[in-house]
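Letters A, B, ... mirror the listed sequences (proteins, then strands); counts begin at 1. Values reported hereafter were calculated over all heavy atoms of this structure, with side chains retained and with hydrogens, waters and symmetry mates removed. What you are looking at is a predicted structure, and each value in this text was computed from that prediction instead of being measured.
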Amino acid sequence: MPEAPDVLPTTYEPSDIEAPLFAFWLEAGYFSREAAGFADFAKAPHTIVIPPPNVTGVLHMGHALNNTLQDILTRRARMQGRPTRWIVGTDHAGIATQNKVEQKLASEGLTRFDLGREAFVAACWDWRKTYGSTIIEQLKGMGCSCDYAQEHFTMDLDYAKAIRRVFVDWYREGLIYRGLRIINWCPRCTTALADDEVEHVEETGHLWHLRYPLVEPVGGFEYLVVATTRPETMLGDTGVAVNPDDARYRALVEAGAQVRLPLMDRVIPVFADDYVDRNFGTGVVKVTPAHDPNDFEMGMRHNLEQINILTEQAYINTNGGRFAGLSREQAREAVVAALDELGLLERVEEHDHAVGHCYRCATTIEPWASEQWFVAMKGLAAPAIEAVRDGRVAFHPQRWENIYFHWMENIRDWCISRQLWWGHRIPVFYCDSCGWIDALEEDATVCPICGAALRQDEDVLDTWFSSQLWPFVTQGWPGDVASGASSETLAAWPELAAYYPTQVLSTARDIIFLWVARMVMSSMYCLSGTVPFTDVIIHPTVLDKYGNIMSKSRGNGIDPMELIAEYGADAMRFGLAIQVTGAQDLKFDKEKLGVYRNFATKIWNAARFVLMNLEGAAEGATEEVAEGVAAGAAEGVAAVTAEGATDAGATDAGVAADAVPRADAGAVSQRVTPQAYSAADRWILSRLARLTHVLNNEHADFDFGSSARALYAFFWNEFCDWYIELAKGQLTQGDEPRAAVRRNLVFVLDTALRLLHPMMPFVTDRIWRTLPHGDERPSLMVAAWPDPDVLSAYIDEEAERSIELLCAVVTTVRAVRASYGISPRQELDVVVRTGGQRAADDTRALKAQAAQLRRMAKIAHFAVAPDASKPPQSSVNIIQGLEVYVVLEGLIDFAVERARLTRKREKAAGDWERLSKKLANEGFLAKAAPEVVEKTRADAAELEAELAQIDEQLASFA
RNA sequence: GGGCGAUUGGCGCAGCGGUAGCGCAGCUGCUUUACACGCAGAAGGUCGGCGGUUCAAAUCCGUCAUCGCCCACCA
């Protein structure tokens, strides 16, 4: 839609406007850092890297929330004219992708081994080509303004280069090493996992008490009783341990007692180790060095044999004797049964314990001893801890820093090798002939020492090893810069020099360790200590409406694309943003989105009203607006300067007066200017100015919820409920007031659309492109963000007071009408008596509003004066220091009125009592802030007057 | 075993030191010059319990309770 449409359809249909608008933005090139020429490169840049979704992923509610927040920040920065880029891409997701492809093969009756490594990796690339852009397309459906022209992927060539650079550097510095450890093994994925890729789930299992017969009785013991949660591992036991200080078993240790391992008929030692807790179970622990991390440590300390009893799919292997071939579950049953038969099962207890599960496939993890590659983390962590401590990186909400510190200060070495085929292969080469080993940036085939053929390590790297480099690899690192040559300065990379560190990293709390912390560490290592981003937003977790985590197994997930189809992307975005507060969870009820779709509809209809009134009049109203643009900026400003406001911003009230930077765009982007004709005009401009300040205060960046609430309240409760209603009157009051109100309707709507755009990009731009605001920019996406300092000129307390009074009178008359069941069409006479210090000002203000009051409250005769007396047969209300008399001659029902007044009196009396008590309190008078005391006095005085007035009324009814 | 969140009208949430707010639902009226995905009006909580600090607490401190999350090698 290159041409701006000149009409809004009667009904708001999100699905009709979203896709064409997105295509228009994309086509226009607004998503790049240049923003089609509208970016001002003199301004501070704004860069965000998206947490790269898995290529296998489909958008879920967490993504929807996270990307809404990033887009809000990105769009606002872009409107501020900053060179803005939201870097997008996907993660190759080693295990997840490999699983997908293996599933696909399985459906054809094949395994990856049938294909072989090379063909399998090719199949992964095919898969990625076919399905891998799903999530990117979904981001577009949300309206995310990412830089799609430069999509990154963690298996790209530049990425491979970066990985090898980092790996080799760390290897050379001894930070990467290979070792035999107990690692977390997923027998379904058949790979190692890092500690934080294991999810611990509290489960009720059993504690089996097993009798291990001693080879020779010692100190009265024929056998020892060990307690275990995993009886099948006994097949691999190579020792039995007790605590050295445990008197019960001291004789056994001293005698060098031995146990004959049941079923296996293996003689194993009894020994003492501090690890054993005397108070748990029987105080005797069976030791299985190959299948338990603690047992492994003990095994090392006591030179125990490691007997691996499991295959990589967790079936019992030949070391398990007659149990070989059973699954671990079958083996458990069989072992227990066999022991029971031998009379060696003493008892079984229920026992709660945490069991590790694979974070990808939920299979129970098997601790398993094997050779893996590790990164030594302590040294990398130290500067990263410092960076958060001294504020170079700030978490929002701040409390997440503690989580980060706790993990970083207790960091353990990172197991980075995975027994997968899909991923970055570990760049370590071995010469089997002379034993040479090295990590290499470039592939090599021959041994530099002996010339024999080299063999590359079979394993690939943990996916997080690549993701941790995301903030700088996506910006050109390492490029052609040689290793070591550049570690002193960022200057070697022009893009990084200009756009690194990035500004914000927004993510869910569950990857603070997996990803955020590692980015800080690796970025600081690779880029001479520079942090990768300055602010980290940890957004709430989206739960279902009952407060449960959304998950596949619960089946309680919600598809954001369905929400978009049903409510529109804008409603979904706004509905998510408004729920972002400092809390850590967000209960999401899709029904509630109806509210925000209604809000979008409200905006739409308000715009239709404005447009209708520009066209509706006989003499083309758009021309009046156009005049306001051309000449009048002066006029609009004159009105402001008359109020004693600044003369800055005069020619461009409310919007930063940036020249359109495109050569062909030429002149200043001139907007329609406001014209403060009536109190209502000055009021709405004042309220708009205040709103703009709220959205630009120091907390606004991360306080999405309160920004959204402020926008909602302004647009609906102030602009629609009052200003548009007042405008209806002002439109009929003659040429000059009509011209003014038309300009203000356009100006305020225009400004509000700008403020709403980051949260609701579609409706706002669709309307904006139709509205004759005079701004020559082709899209709201690249229009200027309202400048609070310029708008400050419109803050007008007197106008705010005037409209408050008007609203008070109107509301009062309506309420009286409702309580007497008087038809809205029945006109009433109203008298207002002003009082107190403000009597003269209030009288003048209300007199000026007489016509509007008559219209809005259906008043026939209206009078206001400081000494007005109450007409007979009238109801009384005291509000805002006004006494409002509604004449109800012939209608008044003394009983109803007395009941109403009595209710009011009770409330007022209660309030008065509370305040009086306060004022009688010496401590309050002495210690409270003077302005608080003053306000309390004034409020009390007002209540006193109200009570007197009500009493007088009640008396007159007697 | 530690740590962190949450606890405010029927429901979902704001407020976080000066007389309790919003939205939904419910109630009463409305074809009012955009909008019934609407307009107007009324009703409804004393802010989980207890104790403390303060002139003043939903708001700060302590403690308990309930729900949830994270971390932790007790087999």
Base, sugar-phosphate, or nothing: which does A:Arg814 touch, judged by heavy atoms less than 4.0 Å apart?
-> sugar-phosphate
Identify whether any heavy atom of A:Arg509 sits under 4.0 Å from a base atom; if not, whether one sits that close to sugar-phosphate; answer base, sugar-phosphate or nothing.
-> sugar-phosphate
Taking only the side-chain heavy atoms of A:Thr581 (C-beta and beyond), determine which of B:rC55, B:rU33, B:rA14 contains the nearest atom.
-> B:rA14
Expressed as a whole number of Å, how far does the P atom of B:rC27 sit from that of B:rU66?
-> 38 Å
In residues 403-411 of chain A, which residues come under 4.0 Å of RNA chain B by heavy atom?
-> A:His406
Identify all pairs in which a protein N or O lies below 3.5 Å from an N or O of nucleotides 22-32 of chain B, and state each distance.
unit_1: B:rU31; atom_1: OP1; unit_2: A:Arg825; atom_2: NH2; d: 3.1

If we take the P atom in both B:rU33 and B:rU28, what is their distance in whole Å?
-> 25 Å
Which part of the nucleic acid does A:Ile724 contact within heavy-atom distance under 4.0 Å: base, sugar-phosphate only, or nothing?
-> base
Residues in salt bridge (Lys or Arg N to Asp or Glu O under 4.0 Å) with A:Arg855, at least two apart?
-> none
Report the residues that fulfil side-chain hydrogen bond (donor to acceptor under 3.5 Å, both in side chains) with A:Lys927, sequence neighbours left out, ordered by chain and then residue number.
-> none
Within the structure shown, what part of the strands sits under 4.0 Å from A:Ser819 by heavy-atom distance: base, sugar-phosphate, or nothing?
-> nothing
Just checking, is any N or O donor in the side chain of A:Arg738 or A:Asn613 under 3.5 Å from an acceptor N or O on the other one?
-> no
Would you kindly give the CG-to-C1' distance between A:Asp703 and B:rC16, to the nearest whole Å?
-> 13 Å
Span that lies between the P atom of B:rG2 and that of B:rC50, in whole angstrom | 26 Å
Does any N or O in the side chain of A:Thr732 come within less than 3.5 Å of the main-chain N or O of A:Gly729, such that one atom is a donor and the other an acceptor?
-> yes
Start at the 5' end of RNA chain B and walk down; is the nucleotide closest to A:Lys907 or to A:Gly923 reached first?
-> A:Lys907
Specify the separation, in whole Å, of atom CG of A:Leu726 and atom C1' of B:rA34.
-> 15 Å
Does a side chain donor of either A:Thr770 or A:Arg766 reach within less than 3.5 Å of an acceptor in the other side chain?
-> yes
Listed by chain and number, what are the side-chain hydrogen bond (donor to acceptor under 3.5 Å, both in side chains) partners of A:Glu232, not counting sequence neighbours?
-> A:Arg332
Euclidean distance for P, B:rG49 against B:rC11 (whole angstrom) = 15 Å
Between the side chains of A:Arg399 and A:Asn402, is a donor N or O closer than 3.5 angstrom to an acceptor N or O?
-> no
Length of the line joining A:Lys602:NZ and B:rC37:P, which is rounded to integer Å | 12 Å
In whole angstroms, the gap separating C1' of B:rG38 from CZ of A:Phe599 amounts to 15 Å
A:Ile512 has an atom CD1; how far is it from atom C1' of B:rC69, in whole Å?
-> 12 Å
For nucleotides B:rU59 and B:rA6, find the distance between their P atoms and express it as a whole number of Å.
-> 13 Å
Taking the six-membered ring for Trp and the full ring for Phe, Tyr or His, determine whether the centres of A:Tyr596 and A:Tyr567 are under 6.0 Å apart.
-> no
Should the pair A:Phe574 and A:Phe599 be assigned to parallel (<30°), tilted (30 to 60°) or perpendicular (>60°) ring geometry?
-> tilted
Rounded to the nearest Å, what distance is computed from the CZ atom of residue A:Arg399 to the P atom of nucleotide B:rC71?
-> 16 Å
May I ask you to say what A:Lys587 touches in the nucleic acid, namely base, sugar-phosphate or nothing, with a heavy-atom cut-off under 4.0 Å?
-> sugar-phosphate
With a non-hydrogen cut-off below 4.0 angstrom, is A:Ala815 in contact with a base, only sugar-phosphate, or nothing?
-> sugar-phosphate
A:Tyr12 ring center within less than 6.0 Å of A:Trp604 ring center | yes
Contact class for A:Ala607 (heavy atom, under 4.0 Å): base, sugar-phosphate, or nothing?
-> nothing
How far does the C1' atom of B:rC16 sit from the matching atom of B:rU7, given to the nearest Å?
-> 15 Å
Sequence neighbours excluded and cut-off under 3.5 Å, please list the side-chain donor-acceptor pairs for residues 930-940 of chain A, or say none.
unit_1: A:Lys935; atom_1: NZ; unit_2: A:Asp939; atom_2: OD2; d: 2.9
unit_1: A:Thr936; atom_1: OG1; unit_2: A:Val932; atom_2: O; d: 2.6

Please list, chain by chain and in numerical order, all residues satisfying salt bridge (Lys or Arg N to Asp or Glu O under 4.0 Å) with A:Arg825, sequence neighbours excluded.
-> none
Across all chains, not counting sequence neighbours, the salt bridge (Lys or Arg N to Asp or Glu O under 4.0 Å) partners of A:Arg905 are A:Asp951
Every protein N/O within reach of nucleotides 73-75 of chain B N/O, cut-off under 3.5 Å:
unit_1: B:rC73; atom_1: O2'; unit_2: A:Asn294; atom_2: ND2; d: 2.8
unit_1: B:rC73; atom_1: N1; unit_2: A:Asn294; atom_2: OD1; d: 3.4
unit_1: B:rC73; atom_1: O2; unit_2: A:Asn294; atom_2: OD1; d: 3.0
unit_1: B:rC74; atom_1: O2; unit_2: A:Asp277; atom_2: OD2; d: 2.5
unit_1: B:rC74; atom_1: N3; unit_2: A:Asp277; atom_2: OD2; d: 2.8
unit_1: B:rA75; atom_1: O2'; unit_2: A:Ala227; atom_2: O; d: 3.4
unit_1: B:rA75; atom_1: N6; unit_2: A:Asp277; atom_2: O; d: 2.7
unit_1: B:rA75; atom_1: N6; unit_2: A:Phe280; atom_2: O; d: 2.8
unit_1: B:rA75; atom_1: N1; unit_2: A:Asp277; atom_2: N; d: 3.1

Upstream residue (5' side of RNA chain B) when A:Trp604 and A:Phe588 are each assigned their closest nucleotide | A:Phe588
Atom-to-atom span, CD of A:Gln398 to P of B:rC4 - whole angstrom = 14 Å
A:Arg854: salt bridge (Lys or Arg N to Asp or Glu O under 4.0 Å) partners, not counting sequence neighbours | none
Taking atom P in both B:rU8 and B:rG15, compute the distance separating them and give it to the nearest angstrom.
-> 14 Å
For RNA chain B, which ranges pair as stems of 3 or more consecutive Watson-Crick or G-U pairs, with both donor-acceptor distances under 3.5 Å?
-> B:1-7 with B:65-71, B:10-13 with B:21-24, B:27-30 with B:38-41, B:48-52 with B:60-64
Under 4.0 Å between any heavy atoms, over every strand shown, what does A:Arg597 touch: base, sugar-phosphate, or nothing? Just pick one.
-> base
Assign A:Asp911 to base, sugar-phosphate, or nothing according to its heavy-atom contacts below 4.0 angstrom with the strands shown.
-> base
Between A:Glu591 and A:Lys545, does at least one N-O distance fall below 4.0 Å, as a salt bridge requires?
-> no
State, with a plain yes or no, whether a side-chain heavy atom of A:Leu888 is found less than 4.5 Å away from one of A:Val816.
-> yes
How far does the P atom of B:rC22 sit from the matching atom of B:rU32, given to the nearest Å?
-> 27 Å
Which residue pairs pass the salt bridge (charged side-chain N to carboxylate O under 4.0 Å, His left out) test with at least one member in residues 281-294 of chain A, sequence neighbours excluded?
-> A:Asp237-A:Lys286
Sugar-phosphate only, base, or nothing, as touched by A:Thr10 at under 4.0 Å among non-hydrogen atoms = nothing
B:rC39 phosphate, OP1 or OP2: any side-chain N/O from A:Trp716 under 4.0 angstrom?
-> yes
Atom CZ of A:Arg903 and atom P of B:rG44: how far apart are they, to the nearest Å?
-> 9 Å
